[in-house]
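Let me begin by presenting the structure, written as structure tokens, before commenting on it.
Quick caveat, the model's predicted, so the values are computed rather than measured.
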Amino acid sequence: MRRAGLGEGSSGNYVASGYSVYEEENEHLQEGLRAKVNALKSLSIDIGTEVKYQNKMLDDMDTDFDSTGGLLGATIGRVKQLSRGSQTKLLCYMLLFCFFVFFVLYWFIKLR
């Protein structure tokens, strides 16, 4: 009966101390798990905040691209209107000037 912890003497203390060791180990593991869950929670909150910020930036970029597209569409319409007239020489000079400006900007950015 001593093995089962039902007898007299120190064997009852042995069983109680074994239970206590397991209980302490469980509490220690529980604290570790709680810390990991809190870390994951804060990480997921940070990811959610970053996703909201990135979505806002993408919406702003979409708005900017739409306005730029409208501006370019209007400019191309004016260029087409110019090309319909008898001012083709002026149109050629304007296109050459645009290519020159883009080439200079490209060269400037490349040297940076």
Side-chain angles (χ1 to χ4, degrees):
M1 286 205 187
R2 286 186 179 170
R3 287 186 181 178
L6 300 174
E8 298 176 16
S10 65
S11 64
N13 292 335
Y14 176 74
V15 172
S17 67
Y19 179 75
S20 173
V21 169
Y22 287 131
E23 191 66 31
E24 288 177 17
E25 183 181 356
N26 280 341
E27 287 177 7
H28 176 69
L29 291 174
Q30 184 180 12
E31 289 299 319
L33 187 60
R34 183 176 290 126
K36 289 178 183 178
V37 166
N38 285 335
L40 285 174
K41 179 182 176 183
S42 66
L43 182 65
S44 64
I45 289 171
D46 291 343
I47 288 173
T49 304
E50 184 67 23
V51 165
K52 287 177 186 175
Y53 175 72
Q54 294 291 331
N55 280 337
K56 184 182 178 295
M57 276 185 37
L58 285 173
D59 288 340
D60 292 344
M61 284 178 58
D62 185 43
T63 303
D64 291 343
F65 281 132
D66 284 343
S67 65
T68 303
L71 179 68
L72 284 175
T75 304
I76 293 297
R78 290 182 189 137
V79 169
K80 285 182 181 179
Q81 187 177 13
L82 277 176
S83 68
R84 289 184 188 144
S86 62
Q87 302 171 351
T88 55
K89 190 175 185 182
L90 179 63
L91 178 65
C92 289
Y93 286 139
M94 189 169 56
L95 286 175
L96 287 174
F97 176 74
C98 289
F99 284 134
F100 175 74
V101 169
F102 284 128
F103 177 73
V104 169
L105 287 175
Y106 172 76
W107 181 67
F108 180 72
I109 291 172
K110 190 173 181 178
L111 286 179
R112 209 194 250 185

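Every side chain to side chain donor-acceptor pair (under 3.5 Å) that E31 has, sequence neighbours left out, goes to R34. Scored by the side chain to side chain donor-acceptor pair (under 3.5 Å) test, E50 finds Q54 as partners (sequence neighbours excluded). Qualifying salt bridge (charged side-chain N to carboxylate O under 4.0 Å, His left out) partners for K56, counting only residues two or more places apart in sequence or in other chains: D60. Remark: E27 engages no residue in a side chain to side chain donor-acceptor pair (under 3.5 Å) (not counting sequence neighbours).
Note: F103 CZ to L96 CG = 13.5 Å, rounded to the nearest 0.5 Å. The line from NE2 of H28 to CG of N26 is 11.0 Å long, rounded to the nearest 0.5 Å.
Summarising the hydrophobic clusters (Ile, Leu, Val, Met, Phe, Trp, Tyr; side-chain heavy atoms under 4.5 Å, direct or chained), the residues clustered with L43 are I47, V51.
Evaluation of the side-chain hydrogen bond (donor to acceptor under 3.5 Å, both in side chains) test over residues 61-75, restricted to residues two or more places apart or in two chains, returns none.
With hydrophobic clusters built from ILVMFWY side chains whose heavy atoms lie under 4.5 angstrom apart, L105 shares a cluster with F97.
I45 has its side chain within reach of K41: a pair of non-hydrogen atoms, C-beta onward, lies under 4.5 Å apart.
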